[in-house]
Colleague: 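Quick one: the structure is below, and I'll ask about it shortly.
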Number of protein chains: 2
Amino acid sequence: MAKSSVTIKDIAKEAGVSTTLVSFVMSNQVAGEPVYRVGEDTARRVMEVAERLQYKPNNTARALRSGKTLTIGVVVSDIANPFFAEIARDLEDQAYKYGYNVIFGSSDENPEKFGRVVDVLLNKGVDGLILVPCAGSEDAIRKVVGSGVDTVLLDREVPGLQVSSVVLDNREAARVITRKLLDRGARRIDMVSYSMNISNTRDREQGYLDAIKEAGPEFETHIERITHNSYDSIPSYFRSARERGVDAFMMATNTLALLVMSEIYKNGYHIPDDFKVACFDRNPLYDIYAPGIIFVRQPVDSFAARAMELIMARIRSGPGRKVPIEQIVLSPEISG
Amino acid sequence: MAKSSVTIKDIAKEAGVSTTLVSFVMSNQVAGEPVYRVGEDTARRVMEVAERLQYKPNNTARALRSGKTLTIGVVVSDIANPFFAEIARDLEDQAYKYGYNVIFGSSDENPEKFGRVVDVLLNKGVDGLILVPCAGSEDAIRKVVGSGVDTVLLDREVPGLQVSSVVLDNREAARVITRKLLDRGARRIDMVSYSMNISNTRDREQGYLDAIKEAGPEFETHIERITHNSYDSIPSYFRSARERGVDAFMMATNTLALLVMSEIYKNGYHIPDDFKVACFDRNPLYDIYAPGIIFVRQPVDSFAARAMELIMARIRSGPGRKVPIEQIVLSPEISG
DNA sequence: CATATATGTTAAATCGTTTTAGCAAGCGTG
DNA sequence: CACGCTTGCTAAAACGATTTAACATATATG
């Protein structure tokens, strides 16, 4: 631990005031409006001394006494996924605006790890949690929420739980891009999805089915469910899809999209001439990789901003009368 | 912050002993060998009570008094890169073995952000730092190391700095895979690299040059340096490479490999028939994407294990006589 | 002028733990 | 039996901040 060496006491002595006063000045500086009344010139003097001595408040001591760490914990499902990496970045920026920091954890879509990570974060003393649930994490989330920790769910919901959340309108988004594939001439669209039981995946499948149903009874549907992180089945799946006369794919995530598209290229086909493709999430590789692709651009910055607003509102409303639960559903933007 | 509510005091009262004793029992439990002498049955009783009351030590208070957080800070250059994502995971596991936790930050290859992130970590009170330097981060690292914080560099070195590090033998690895391309019949090999000034990138370029030089004067070299995160130049580069009769590519990272390979496929060519490809780092997409690819598999688990060993050794040797600086160079494994 | 109110400041308690210094009992030794 | 050494335990002082309660002084109010 870095020895901060210069403490509030040193400043007090140097400026000829009490430590209390120094503390007042410091916390007034951090928060917006002055809560404590401090003489203007005294405040200036204290701040000058603090500056000169390069005072850095000791967050640990602060946390111990005040019970607030000004840190919120974030658990995403896979930090290596560009979608979540971007969310992580944006959350960090948002938190900064409120004078907060963020600590991350990754569940790797594993409910046990999810629980462990949440425990570690709580033990480190975060003021609130922003969680991306994974399949099987319901109990852990219920427990945390039940114990009164301020929590907001992100990207995925857990039905039947009294907790705020920010998600995309996945069903509508899926419907729109599927519809778009049809408009561009696709006759036989497969959806490639995950077998994980996660709200957003299920919603996307529904949207796909909605669109095909609307199109008419002559259109067939097929949802291929891939097991997370075991992608060897893709080549054989692609072969079967081709044999069934599939001419377009709708993918539930950017990872799936890349996998299927690389399979398409590997077999010597082109996008969008041979196969049309639609999917969720942007990926930096699209730019150069698949110019003709249709994708749902999730408003990641809004995800982060809304989630942070919700958690801040909850944190700032004392333990007494809490701010009400809010479930925010964001509208998708479609590209391509 | 989660109210842990039940404290050492409660246990002391319940068990009829002093808080000191409870503290002794608790910390003996955590560390390996008993440092304090405590009666065996008393210890058992205290632990029973602690268990029954579901005591969770308050890390904040611990940190404040002891000056140790049992947390080490890690700054990688891009958490969204699978290579670093895996390193992050492995570091977490390693730390766990020592009873430590890990907090992450990402510099996004930006030296200002690097400095900010390091400051935040130090301010949170980490006991040590594991850093992946980025171009321009030298000053920040020098400052941190100079101020006595235990530090280990990972994946990239900063020449002329007294600090432990764990890196791959990048030059040798690059030489070997370039050689392998030649052995498989490549006559004109381009290297695609980053323009960033980073030790490992420079070393890889040297290895490439070494191999071509060894091959004989009739072989030409070309190093194409791409600016990080601006990949629009790749199509035009690929065109020019094709015109120059290039028949193989050696890429400095997995990201570059994917970009160039997708360009190859997009133009209707195949790997390895039309172009042979070698690169650094594994990527999950390779499996399905480029079976014929040659790549350097970096021993990520060893990176993590060695780095954690080094930082632990430094942390545990008190501020008095520090363990000596160690620069560990790991051997690459070649696949394909 | 007396009383109330606002303003500027501080002493001391507190957060939950670790750590220092030391006490008391038991035991072997010469 | 007196001495030192070990064993088992504790009181009290940190750690560095925040927060409570209160004390002056100045200003306003009736």
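Chain letters run A, B, ... following the sequence lines, proteins first and then strands; every chain starts at 1.
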Colleague: How about A/M308 and A/F303: do any of their side-chain heavy atoms sit closer than 4.5 Å?
Modeller: no

Colleague: Return the value, rounded to whole Å, for the distance between atom NZ of B/K9 and atom P of C/dT18.
Modeller: 14 Å

Colleague: Consider the side chain of A/T7, meaning its heavy atoms from C-beta on, and name the nucleotide among D/dG16, C/dG16, D/dT19 that approaches it most closely.
Modeller: D/dG16

Colleague: Does any non-hydrogen side-chain atom of B/T69 lie less than 4.5 Å from one of B/K124?
Modeller: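 Heavy-atom side-chain distance check fails, nothing below 4.5 Å.
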
Colleague: Taking NZ, NE, NH1 and NH2 as the nitrogens, is one of them in B/R306 or B/E309 under 4.0 Å from a carboxylate oxygen of the other?
Modeller: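 Here B/R306 pairs with B/E309 in a salt bridge, since their nearest N and O are under 4.0 Å apart.
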
Colleague: Write down the distance between CG (B/N59) and C1' (D/dC15), rounded to a whole number of angstrom.
Modeller: 15 Å

Colleague: Let me have a per-nucleotide readout for nucleotides 6-12 of chain D, 5' to 3', with B, S or -, counting only protein heavy atoms under 4.0 Å.
Modeller: -BBSBBB

Colleague: In whole angstrom, what separates A/K56's NZ from D/dC15's P?
Modeller: 21 Å

Colleague: Any side-chain heavy-atom pair from A/F84 and A/N81 closer than 4.5 angstrom?
Modeller: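 A side-chain contact under 4.5 Å exists here.
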
Colleague: Between A/N58 (CG) and D/dT18 (P), how many Å, whole number?
Modeller: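 Answer to the nearest Å: 10 Å.
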
Colleague: Separation of A/M26 atom CE from D/dA17 atom P, in whole Å?
Modeller: 9 Å

Colleague: Below 4.5 Å, heavy atoms only, C-beta onward: do B/V46 and B/I11 meet side chain to side chain?
Modeller: yes

Colleague: What about B/R65, does its side chain sit under 3.5 Å from the base of C/dT17 through a donor-acceptor pair?
Modeller: no

Colleague: Do the side chains of A/R142 and A/D139 get close enough for a salt bridge, i.e. N-O under 4.0 angstrom?
Modeller: yes

Colleague: Considering every strand and a 4.0 Å limit on heavy-atom distances, what is the contact class for B/S66: base, sugar-phosphate, or nothing?
Modeller: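 Sugar-phosphate: the residue B/S66, judged by heavy atoms under 4.0 Å, touches backbone atoms but no base.
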
Colleague: Tell me if the side-chain of B/R62 makes a donor-acceptor pair with the base of C/dT18, cut-off 3.5 Å, by modelled atom types.
Modeller: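 Absent.
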
Colleague: Tell me the interatomic distance from B/L70, atom CG, to C/dT17, atom P, rounded to whole angstroms.
Modeller: 14 Å

Colleague: Which atom pairs, donor and acceptor, lie under 3.5 Å between side-chain atoms of residues 147-156 of chain A and protein residues at least two apart or in another chain?
Modeller:
residue: A/S147; atom: OG; partner: A/V144; partner atom: O; Å: 2.9
residue: A/D150; atom: OD1; partner: A/K322; partner atom: NZ; Å: 3.0
residue: A/D150; atom: OD2; partner: A/K322; partner atom: NZ; Å: 3.2
residue: A/T151; atom: OG1; partner: A/V149; partner atom: O; Å: 2.9
residue: A/D155; atom: OD2; partner: A/N200; partner atom: ND2; Å: 3.2
residue: A/R156; atom: NH1; partner: A/E109; partner atom: OE1; Å: 3.2
residue: A/R156; atom: NH1; partner: A/P133; partner atom: O; Å: 2.8
residue: A/R156; atom: NH2; partner: A/S77; partner atom: OG; Å: 3.3
residue: A/R156; atom: NH2; partner: A/E109; partner atom: OE2; Å: 3.1

Colleague: Can you check the B/I8 CD1 to C/dC15 P distance for me, whole Å?
Modeller: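 About 14 Å, once rounded to whole Å.
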
